[in-house]
Structure formats: structure tokens, C-alpha cells
Trainee: 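My questions will all concern the structure given below.
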2 protein chains.
Amino acid sequence: MASSDSPGNGGRRGRRPGDSGTREAILDAARARFSSEGFRGATVRAIAGDAGVDPALVMHFFGTKQALFVAAMEFPLDPAEIVPRLLGPGVDGLGERLLRFLLGIIDELGDANPMLGLVRSAVTHPDAARMMREFLGEAILDRIAAGIDADRPRLRADLCASQIVGILVARQILALPELAAADRELLVGIYGRTIQRYLTEPLDSS
Amino acid sequence: MASSDSPGNGGRRGRRPGDSGTREAILDAARARFSSEGFRGATVRAIAGDAGVDPALVMHFFGTKQALFVAAMEFPLDPAEIVPRLLGPGVDGLGERLLRFLLGIIDELGDANPMLGLVRSAVTHPDAARMMREFLGEAILDRIAAGIDADRPRLRADLCASQIVGILVARQILALPELAAADRELLVGIYGRTIQRYLTEPLDSS
DNA sequence: TCGCGATCTCAACGCCCGTTGAATCCGAGT
DNA sequence: ACTCGGATTCAACGGGCGTTGAGATCGCGA
């Protein structure tokens, strides 16, 4: 599906003129396939097909399906930059800011969303689970934990992760009907308050 | 792994004496495999191996891998009974009751947890996603929505589902360290309050 | 006692997978 | 003008998959 045929065409072997951009075409196709079908479900052959290229070329560039996965699932935004930007204005309203940002990029990325690819792969593939745990942990959660002033900061970050992953699965993957249809700003308010509570309010019961 | 060899042994063909219990052994093996590896990752051959039986016998009993999945993922508890029991004492403390119950059966079911199998399969396999959406929706969420007295009851139920699925993925599958290690009653308090808010408090921002 | 039918195994089918090795093509550097 | 090496394809490999059909075994009702 969606197999346009810009690169590698004509059935002729050998090098095509120009800078080709084939590598990027493969990465784009891989992002889309991994995101919507997960590591196991996406096949090298289908990715190559989408990119209009022989499967062997994929191996030539990336060596291994696993390595292609790592390359394709690289997060398109740098957490070292965005986390401080979200934390910048202070801890007030942090939950809403975080959620507005999250729902924004979910809609923006659409089909080729590495977060979805990581989730779809992690639930089945232990290596992908490790990748996701490390990315979430080191790149995001620990940074957030370091930026708030409260007890058990890392547990608080994990709580946030559990609600965010739940949003991804329930809204984007399962597509629970009222949740998928709900107004975005309404969700920002509801979930933002949850995140805010996880980050800053006392943890033991009221 | 875990392949004991009670049924179908001896390499001899034909019927064994007694009531055999082979069908149940296959279902048990299927539950464990589907739960820990998802629909695609679990193979008929591995399930048959765990049950100490030829793969063809699995097909003889269930006809299809898909049908075996449906049979194995049947929820071991009847929602038509437990949802009213949770709703019974009224809406006060419903969040905590729901969470105590949920974390309880998660620990109780251990390896062979149909909820995990459904999640692990649904993120990749559209049929399983439909199964899970329908089971969640008709058997649980709609019942809860009918039992609370508030606006947009189904959206509220979907919000609960998103947090619960997030707990399953972050705590049981990704095993985020502080979340997996946290005291159960602490989590009951924290998440219980979230669920309570989703079910009964005003939805638009304070 | 006999045979029906359920239980069970064996061997094979066709398919798709990730990966490999050799061959071809052609732009760029000398 | 000539090579060198990267880009690209083709054909094949070995292995795992779900599924099938034929046949063996044996408990149980008549």
C-alpha cells in the first residue's frame, strides 16, 4: 500500500544518476511500516516494496532488520531540548503544557509515529521493550524527575508514563470511540490535571 | 519452556485411556503463550509442544489459530457479575475498589493473563483489537457507564480504560522500575483517585 | 464381540520470512 | 581514458509458519 515508485526504477541494475535519496526513502517506508505494524509485523520485503527497491538493498544499507528498526525509530525531536522547554515556565500548568504538546505531535506525526512503532513492538519484542524503557527513562522521565521538586520523583515520572502510554494505546491504537472523538482541548484539561497531580501533589491518600 | 509432558505421550498414535484432558492442556498452554508473546509471536507448534501434543491435534480441536486464540483469551471472570459487585456499595470509593480488584487479579493470574494477551495482540492484530474493543466496551465500560450518574458516561469509561491499559503496559509489560516495585496499596490510592475523578467529577477544567 | 467414531501422530504442502553472494551498472577521482 | 567503489538487482538459501490429509489406535455402545 502507498507504494509510489520514485527511486530504484526501471528494473535496471546498477547506479542511478543523482544523489538518489534512496536511503531516506527506505527510512521513510520503514518508519511507516514499523509504526503501523510493529517490528514483527513489518517485513523487510514490504518496506523495500514501499520504497520501490530490492530487499537486498535494505540489508546493504542497514545490515539487519534490527538495525533498520533502530535507525527508523529514532525520535524526530530532541528530548534534551523539549523537556527543558516544557519545564521552563515552572511547574505550574506543566501538566497541561505537556499534554498539549503530546497531543499536538501525535496529530502532526500521523502514520509515521515512532512512539506508536515503539509501543507496538515493545509489547511483543523484548529488545524493543528495552529500547523504549531506556529512551523513556533516560531521555524523558529522568529529566522530568530532575526538574520537579517533590518526593519520589522517578515514581512520579513513571506514573505519568503510564497515563501517556495508556492514551497512546486507548486513543490511537484501540481507538475507543468517545476517546478518539473527544475534543483535543477537553482532553488536555482532563489528562493535564492527572499529570499535574502525579508530578506535584502528595502521593499518599488524602 | 515449561514443557511438562503429561498428555499425549509415548510417541504412540491413537487414543489414550481416560478422559485425557488434552484439550484443557492445549488451552492452558495457549493462554500462557498468547499472554506472553501475543497472537503473532505465539506459534501453534510451540503451544502444541508445551502441551506435549502434535500441532495437528490443535487444529483438530480448534480448527484455526484464530479460533484457538478466541477460546484461550476468554476472560476467566464474568463481567456481568463483577461489575455490579464493584458498583454495589455505591459510587463512593469506587475508584479504589476497582483498582484493588484489578491489581489483585493481575497478581493472581500471573503468566496466563488474558488481558495481557489481548493487549499484546491488539496493538498489532486488527482482529484482536476489535475483540478487545468489543469486550472492553460491551462487557465492562458500558456497564460502568450505566452505573454512574454523570454527564458523558461513556467518555468517562473510556478515560478509565486509558489509565488501566496504561497500567498494564507500563507496569506489567514495560516494567518501569519504580512503578513495578511500588507498594500495591500506594498504587491503589494514587490510581484509585484518578479513576474516581474520571468517573464522578466535572470534566471541564476547574 | 464388533465396529463406530473420537483421539492422536506423521509427513508433507505451499508460503513467507531475513539474509547472502554474485553480478551489473555507472558517477567520480586521477 | 580508466579504474575504483558505491548503488542496485537477481536468484537462491534455509528455516519457520499455519494448515491438510491420511492413517493408526483404542474406548465404548450395541
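Only this structure's heavy atoms are used, side chains among them; waters, hydrogens and symmetry mates stay out. Within every chain, numbering begins at 1; the chains are lettered A, B, ... in the order of the sequence lines, protein sequences first and strands thereafter. Source: prediction; values computed, not measured.
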Trainee: Can you tell me how far C1' of C:dT19 sits from CZ of A:F61, to the nearest Å?
Mentor: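 Distance check: A:F61 CZ to C:dT19 C1' gives 17 Å.
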
Trainee: What is the separation between atom CD on A:Q66 and atom C1' on C:dG18, rounded to the nearest whole Å?
Mentor: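 My rounded result for the distance is 12 Å.
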
Trainee: Rounded to the nearest angstrom, tell me the gap between atom CZ in A:R40 and atom C1' in C:dG18.
Mentor: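 So the two atoms are 13 Å apart, to the nearest Å.
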
Trainee: Looking at D:dT8, D:dT19, C:dT9, which one has an atom nearest to any side-chain atom of B:D54?
Mentor: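 Of the candidates, C:dT9 comes closest.
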
Trainee: Just checking A:A48: base, sugar-phosphate only, or nothing, at a heavy-atom cut-off of under 4.0 Å?
Mentor: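 No contact at all - A:A48 keeps every heavy atom at 4.0 Å or more from the nucleic acid.
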
Trainee: Are A:R156 and B:E178 within salt-bridge range, i.e. N to O under 4.0 Å?
Mentor: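 No salt bridge links A:R156 with B:E178.
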
Trainee: Less than 3.5 Å apart, any donor N or O on the side chain of B:Y191 or A:S162 sitting next to an acceptor on the other?
Mentor: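 Short answer, yes.
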
Trainee: Mind calculating the distance between CD1 (B:I47) and P (D:dG16) to the nearest angstrom?
Mentor: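 Whole-Å distance recorded here is 17 Å.
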
Trainee: Quickly work out the B:R33 CZ to D:dG16 P distance and round it to whole Å.
Mentor: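 Answer to the nearest Å: 14 Å.
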
Trainee: Would you say a side-chain N or O of A:H60 is under 4.0 Å from OP1 or OP2 of D:dA7?
Mentor: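 A:H60 to D:dA7 OP1/OP2: side-chain N or O found under 4.0 Å.
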
Trainee: Decide side-chain hydrogen bond (donor to acceptor under 3.5 Å, both in side chains) for B:S121 and B:R40; before the verdict, give the C-alpha distance in whole Å, the side-chain angles of both, and the deciding distance to 0.1 Å.
Mentor: CA-CA 7 Å; B:S121 306; B:R40 246 172 184 123; over 6 Å; no

Trainee: Mind checking A:A46 for me? I need base, sugar-phosphate or nothing, with any heavy atom below 4.0 Å counting as a touch.
Mentor: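 Touches nothing.
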
Trainee: Between D:dG18, D:dA7, D:dT20, which nucleotide gets closest to the side-chain atoms of B:A56?
Mentor: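 The closest nucleotide is D:dT20.
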
Trainee: Answer yes or no: side-chain N or O of A:R45 and base N or O of C:dG18 forming a donor-acceptor pair under 3.5 Å.
Mentor: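 For A:R45, whose side chain was compared with the base of C:dG18, there is a donor-acceptor pair (under 3.5 Å).
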
Trainee: Roughly how many Å is it from CD in B:E24 to P in C:dT7, rounded to a whole number?
Mentor: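 Checked: the CD to P distance equals 12 Å.
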
Trainee: From CZ of B:F62 over to P of C:dT7, roughly how many Å is that when rounded to an integer?
Mentor: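 My rounded result for the distance is 11 Å.
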
Trainee: According to a strict under-4.0 Å criterion, is B:T64 in side-chain N/O contact with OP1 or OP2 of D:dG18?
Mentor: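 For D:dG18, OP1/OP2 do not have a side-chain N/O of B:T64 under 4.0 Å.
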
Trainee: What nucleotide, of C:dT9, D:dT19, C:dG18, holds the atom closest to the side chain of B:V53?
Mentor: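 Comparing C:dT9, D:dT19, C:dG18 against the side chain of B:V53, the answer is C:dT9.
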
Trainee: Counting just side-chain N and O atoms, does B:T43 come under 4.0 Å of either OP1 or OP2 of D:dG16?
Mentor: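 Result: no.
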
Trainee: With a 4.5 Å heavy-atom cut-off, do A:R120 and A:S35 have their side chains touching?
Mentor: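 No, every pair of side-chain atoms sits at 4.5 Å or beyond.
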
Trainee: Which nucleotide in the list D:dT8, D:dT19, D:dG21 gets nearest to the side chain of A:L57?
Mentor: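 Comparing D:dT8, D:dT19, D:dG21 against the side chain of A:L57, the answer is D:dT8.
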
Trainee: Starting at CD1 of A:I26 and ending at C1' of C:dG18, how long is that distance when rounded to a whole Å?
Mentor: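 Interatomic distance, CD1 of A:I26 to C1' of C:dG18: 15 Å.
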
Trainee: Classify the angle between the aromatic ring planes of A:F75 and A:F135 as parallel (below 30°), tilted (30 to 60°) or perpendicular (above 60°).
Mentor: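 Answer is tilted, since the angle falls between 30° and 60°.
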
